[in-house]
Structures are given as structure tokens and as C-alpha cells.
**Student:** 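Here it is: the structure, laid out below.
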Number of protein chains: 2
Amino acid sequence: MPDVTASTVQHNLSQAELGAQTRERLLDAAERLFAEQGFAATSVRDITAAASSNIAAVNYHFGGKHNLYNAVFRRRMAAMREQRIASIRQARGESGTLEAVLQAFATAFLQPLVDRGSGRLLVELITREMLDPQLPRELFLAEVVGPVNEVLAEAIIAATPGLPPGPARLCVISIVGQLLQVAHRLRRGELSAGWGAELPPLPEMVDQIVRFSAAGVRACARGAR
Amino acid sequence: MPDVTASTVQHNLSQAELGAQTRERLLDAAERLFAEQGFAATSVRDITAAASSNIAAVNYHFGGKHNLYNAVFRRRMAAMREQRIASIRQARGESGTLEAVLQAFATAFLQPLVDRGSGRLLVELITREMLDPQLPRELFLAEVVGPVNEVLAEAIIAATPGLPPGPARLCVISIVGQLLQVAHRLRRGELSAGWGAELPPLPEMVDQIVRFSAAGVRACARGAR
DNA sequence: TTCCATATCAAACGAGCGTTTTATACGTTG
DNA sequence: CAACGTATAAAACGCTCGTTTGATATGGAA
């Protein structure tokens with residue numbers, strides 16, 4: 001990567017285009033740093049240095065560090081939500097079994113964490129935001145968590161005869177809790193489970209959660225009858 | 001509460017006794033504030049103000065903010081671990097069913113969060129530490145998480161014929177993940193589950209997790225055979 | 001009593017933070 | 001061309017942070 005700074009890029013751009021370019025560099029740098037270190041631990045100086053722009057650029061273009069954080073999320077939230085919902089819906093449409101739905105969701109949830117690439121940053125941002133919220137509470141919940149959980153709950157209900165909506169939503173909490181816990185351990189880079197044992201590779205991890213959760217969901221359906 | 005400051009307490013104490021008293025006030029104040037706001041968001045000035053002592057007291061008595069945090073944990077970790085282990089062992093000894101073990105652990109895990117009192121602070125500290133570790137990694141894991149998880153895994157194995165140790169430990173991760181997720185939502189004071197639904201009262205929450213997890217554990221035992 | 005270790009205190013230090021100011025360069029527009 | 005608005009730049013502002021300093025009081029030991 002040639003480390004192109006703002007002063008070395010092509011000079012035949014309009015000012016507006018240059019501004020937009022700076023804005024994107026700031027968003028990219030902020031996304032990476034917020035994901036890697038969290039909101040509080042990332043300074044505006046870190047971001048502007050990584051984006052090869054001036055310290056004042058964050059306040060000029062976004063009106064403050066917090067607004068920049070919001071903008072980082074706003075840029076990705078829609079795609080994030082749609083990708084997760086699509087993967088649930090696809091599994092529901094194809095075979096429609098409970099296991100297939102759970103497997104699709106768990107994989108969509110955890111896979112980007114293991115892959116290298118930009119998807120990983122996104123998931124790290126999400127898990128950080130869920131564990132230590134910085135956004136206006138309603139924003140992330142309403143835009144991503146709520147809709148995705150709702151679609152997952154519907155898919156689980158459809159795949160599980162006799163499961164009422166209430167218990168289904170509690171099951172979703174149980175499932176998301178497991179996934180966040182695993183995601184958290186993966187994110188911390190500790191393949192050790194923290195007490196001697198090691199975390200197995202992802203597919204086995206997903207299988208474990210699918211088996212565990214499918215049985216849990218069905219037990220809730222029986223219990224609620 | 002009469003808001004007793006250091007200068008108003010009895011003057012017939014030795015200097016060493018006065019120092020120990022200050023140290024305890026600092027530990028109490030730090031425990032409360034760290035639990036309520038987290039490590040980074042709590043300043044030394046907050047703590048010393050709450051403890052009615054001087055700013056320099058933290059560095060004088062503990063050698064820094066971080067060492068104070070460690071001391072807060074060190075004071076409680078042993079009791080914490082023993083209480084959880086005892087509650088698992090008791091359930092294992094009494095009826096010994098999988099459901100009883102899970103119920104005992106889930107209750108021991110979540111009950112202090114709902115209760116008023118000092119136990120609540122402790123659990124808040126733990127969950128914060130698990131989600132965003134500030135301690136030397138090995139300390140908390142080795143002192144609390146590891147032993148408790150190990151005892152829980154053993155109890156689950158004993159209650160579940162045919163469950164090998166490996167899957168049992170993964171089940172423990174699944175169970176702890178669910179509990180942390182619920183604890184996190186309880187801690188944030190959001191009775192709303194974040195997407196419309198509300199969290200039911202604790203006993204039903206525990207029942208849900210017990211039913212869900214017992215079925216999950218048994219499914220793992222069948223799957224591993 | 002004299003000395004010393006301990007504990008407390010107000011004050012300040014130095015660093016980092018998010019943000020603001022002021023000035024400059026430059027494409028766009030009248 | 002001249003005037004304007006936009007983008008960037010360096011510097012500084014005001015604040016909070018964890019920590020350190022140096023002075024002061026005080027109970028116990030020589």
C-alpha cells in the first residue's frame with residue numbers, strides 16, 4: 001500500500017470531491033480503529049493520523065468524534081441487517097428445518113469474525129457496541145438487532161411446531177447470548193476457553209451451538225404446551 | 001448515614017488503624033464506582049471524593065489506580081468462587097439431576113444482580129471484567145472463572161450419562177454465554193429485550209435457561225455418542 | 001524530650017483528550 | 001478579474017486524567 005496522502009492525490013478534482021474523499025478516508029480509518037480498540041480508547045488524533053488528514057477534519061466534516069462514530073455505523077448498518085436477514089430467510093426457504101435456520105444464523109454471525117477482511121471489522125464493531133453501547137440506544141437496536149432478532153424468531157417459530165412467540169423470543173436471547181460469548185472469545189484471540197480447554201475450529205463450534213440450541217428450542221416448545 | 005469523614009472519627013486510634021480504615025473506605029468506594037461505571041469511566045478523584053479522603057491516598061495506599069482495581073478484586077474473589085462452587089456442589093449432592101445443577105448455577109449467577117445489596121456490586125464487577133478485562137488475564141480466570149467452570153462441567157458430566165468432557169466444556173460456554181447475556185440486559189436496567197419484548201421476572205428467566213440448556217446438554221451427549 | 005515512621009493534605013505537574021480558532025490555498029461563481 | 005465558499009493546516013484552548021511533590025500533623029520508640 002503506497003500510503004497516499006491527501007497532498008499527493010490527483011489535483012484535477014473539485015473541492016467537493018476532495019472533501020468527500022477525505023470524509024471516506026476518515027470513515028475507513030475510524031471504522032478500523034473503533035473496531036480494533038473501542039470508542040473510548042481511540043482518539044481523534046489516532047483517526048486523523050491514520051486517515052492522513054488534519055486533526056480538525058473530524059470536527060469539520062462530522063461535527064465531533066461521537067458523530068463520526070454514528071456515521072461509521074450508519075454507513076454499514078443497512079447492509080449488515082440485510083445480509084443477516086437474507087441468510088436466515090434463505091435457510092428458512094430452502095430446507096426450513098430448525099437446524100438449518102440456526103446453522104445459517106450462527107454461521108452468518110461468526111464467520112466474518114474468523115475471516116480476514118472488512119467483514120471482520122464490522123462484527124467487531126457490533127459486538128463492542130452490544131457490550132458497551134455508545135450509540136443512541138434506539139439506533140442500533142432499532143436498525144439491526146431488533147429486525148434481525150424478529151426475523152430469527154419468526155423462522156424459529158415456523159420451524160418448531162407448538163412454540164409460542166414469547167418463549168421463542170427468549171430462545172433468541174439464549175442463542176444470541178451463546179454466539180456473543182463465542183464471538184467475544186474469538187475476538188479476544190484467546191483460543192483457550194479461559195480454563196484450560198481450547199476452542200475447537202469454527203464449524204465444530206457452530207455445530208455445537210446448533211445442536212445445543214435446537215434441543216433447547218424444542219424443549220421450550222414442549223414446556224410451553 | 002451520617003457521612004463520617006476521616007477527620008470526625010474517633011481520635012484514639014493508632015496511625016496504623018487509621019490507615020487501614022482509609023484503605024477500606026477506598027476499597028469500598030472503588031468497588032461501588034467501578035461496578036457502577038466501569039474502570040475507565042471512574043476517576044481517582046471520584047473514588048477519593050466518595051471515600052472522603054485525599055486524591056493522593058490512592059497512590060499512597062495502593063500505588064496507583066490499577067493496583068487499587070486489583071485489590072478490589074482480590075478482596076472478594078475467594079468468597080465469590082467458593083459461594084458459586086458451593087451452590088453447584090449442594091445441588092449436585094442433593095438431587096443431582098441436570099436441571100437441579102443448572103438451576104442452582106443460574107440462580108447463583110443471576111440472583112445477586114436482582115437483589116439489592118453488596119452482592120450486586122460484585123456481580124456487576126465480574127460481568128464488566130469478563131466483557132472488558134482490565135485485570136491481568138490469568139488472575140480472574142485462574143481464581144474464579146476457571147475453577148467454577150470446572151466444577152460446573154464436572155457436575156454436568158455426573159448428571160448426564162454419556163457426555164464426554166470436551167462437549168461438556170463447550171456446553172458450559174453455551175450456558176455461561178446465556179447467563180452473561182441475560183445479566184448484561186438486567187444490568188443495563190433494560191427490562192425491554194431491546195426489540196419490543198420485555199424480559200420476564202427472574203425465576204421464569206432461570207426456568208427458561210434451565211429448560212433450554214438441559215435439553216441442549218442432553219442433545220450434546222446424544223450427538224457425541 | 002527528641003526522633004522517626006506514618007498518614008494526610010493542598011497544590012501542581014505533565015500528558016492526553018476533544019474541540020476551537022485563525023489563517024491560508026484554491027476551485028467555483030458572479 | 002474579483003468575491004465567495006469550501007477544504008486544509010498549525011496552533012492553541014480548556015479540561016480531565018493519573019501521578020508526584022513537599023509540607024504538615026501525629027502517635028509510638030529511643
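Letters A, B, ... mirror the listed sequences (proteins, then strands); counts begin at 1.
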**Student:** Counting only side-chain N and O atoms of A/T22, is one of them less than 4.0 Å from OP1 or OP2 of D/dA7?
**Tutor:**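 No, outside the criterion.
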**Student:** Side chain of A/R45 only, heavy atoms from C-beta on: which candidate in D/dC17, C/dG18, D/dT8 is closest?
**Tutor:** C/dG18
**Student:** Taking CG from A/N59 and C1' from C/dC17, how many angstroms apart are they, rounded to a whole number?
**Tutor:** 12 Å
**Student:** Regarding B/K65 and the six-membered ring of B/F39, is the cationic atom NZ or CZ under 6.0 Å from the ring centre and inside 45° of its axis?
**Tutor:**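 Checked: cation-pi criterion met.
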**Student:** Please work out which of the three classes, parallel, tilted or perpendicular, describes the rings of B/Y69 and B/F73, given edges at 30° and 60°.
**Tutor:** tilted
**Student:** Checking all strands, does A/T42 fall into the base, sugar-phosphate, or nothing category for heavy-atom contacts under 4.0 angstrom?
**Tutor:**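 Since only primed, P, OP1 and OP2 atoms lie under 4.0 Å of A/T42, the category is sugar-phosphate.
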**Student:** In whole Å, I'd like the distance from the CG atom of A/N54 to the P atom of C/dT20.
**Tutor:**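 Value for this atom pair: 14 Å.
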**Student:** Taking only the side-chain heavy atoms of A/A56 (C-beta and beyond), determine which of C/dC9, D/dC17, C/dT21 contains the nearest atom.
**Tutor:**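 Output: C/dT21.
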**Student:** Check the distance between C/dC17's C1' and A/Y69's OH and give it to me in whole angstrom.
**Tutor:**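 Interatomic distance, OH of A/Y69 to C1' of C/dC17: 18 Å.
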**Student:** Please determine whether a side-chain nitrogen of the Lys or Arg among B/R76 and B/E31 lies less than 4.0 Å from a carboxylate oxygen of the Asp or Glu.
**Tutor:** yes
**Student:** Please give, in whole Å, the distance from D/dC15 P to A/K65 NZ?
**Tutor:**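 Going from NZ in A/K65 over to P in D/dC15 covers 19 Å.
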**Student:** Under a 3.5 Å distance rule, please check whether A/Q178 uses its side chain to pair with a backbone N or O of B/I175 as donor and acceptor.
**Tutor:** no
**Student:** What nucleotide among D/dT8, C/dT8, D/dA9 has an atom nearest to a side-chain atom of A/Y60?
**Tutor:**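 Within the option list, the nearest is D/dT8.
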**Student:** Taking the cut-offs as 6.0 angstrom to the six-membered ring centre and 45 degrees off its axis, would you call B/R23 and B/F62 a cation-pi pair?
**Tutor:**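 No, cation not above the ring by the 6.0 Å, 45° rule.
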**Student:** Over how many whole Å does the gap from A/Q21 atom CD to D/dT8 atom C1' extend?
**Tutor:** 13 Å
**Student:** Remember a base hit wins even if backbone is also touched, and classify A/A57 as base, sugar-phosphate or nothing at under 4.0 Å, heavy atoms.
**Tutor:** nothing
**Student:** Without decimals, in angstroms, what is the distance between A/I55 CD1 and D/dA9 C1'?
**Tutor:** 10 Å
**Student:** Measure the distance from CG on A/N67 to C1' on C/dT19 and round it to the nearest whole Å.
**Tutor:**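 From A/N67 CG to C/dT19 C1': 13 Å.
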**Student:** Can you tell me how far C1' of C/dC9 sits from CG of B/L26, to the nearest Å?
**Tutor:** 14 Å
**Student:** Examine D/dT16: is either OP1 or OP2 under 4.0 Å from a nitrogen or oxygen in the side chain of B/S43? Give yes or no.
**Tutor:**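 So the side-chain polar atoms of B/S43 never come under 4.0 Å of the phosphate oxygens OP1 or OP2 of D/dT16.
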**Student:** Are any of A/H61's side-chain N or O atoms less than 4.0 Å away from OP1 or OP2 of D/dT8?
**Tutor:**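 Yes, because at least one side-chain N or O of A/H61 sits under 4.0 Å from OP1 or OP2 of D/dT8.
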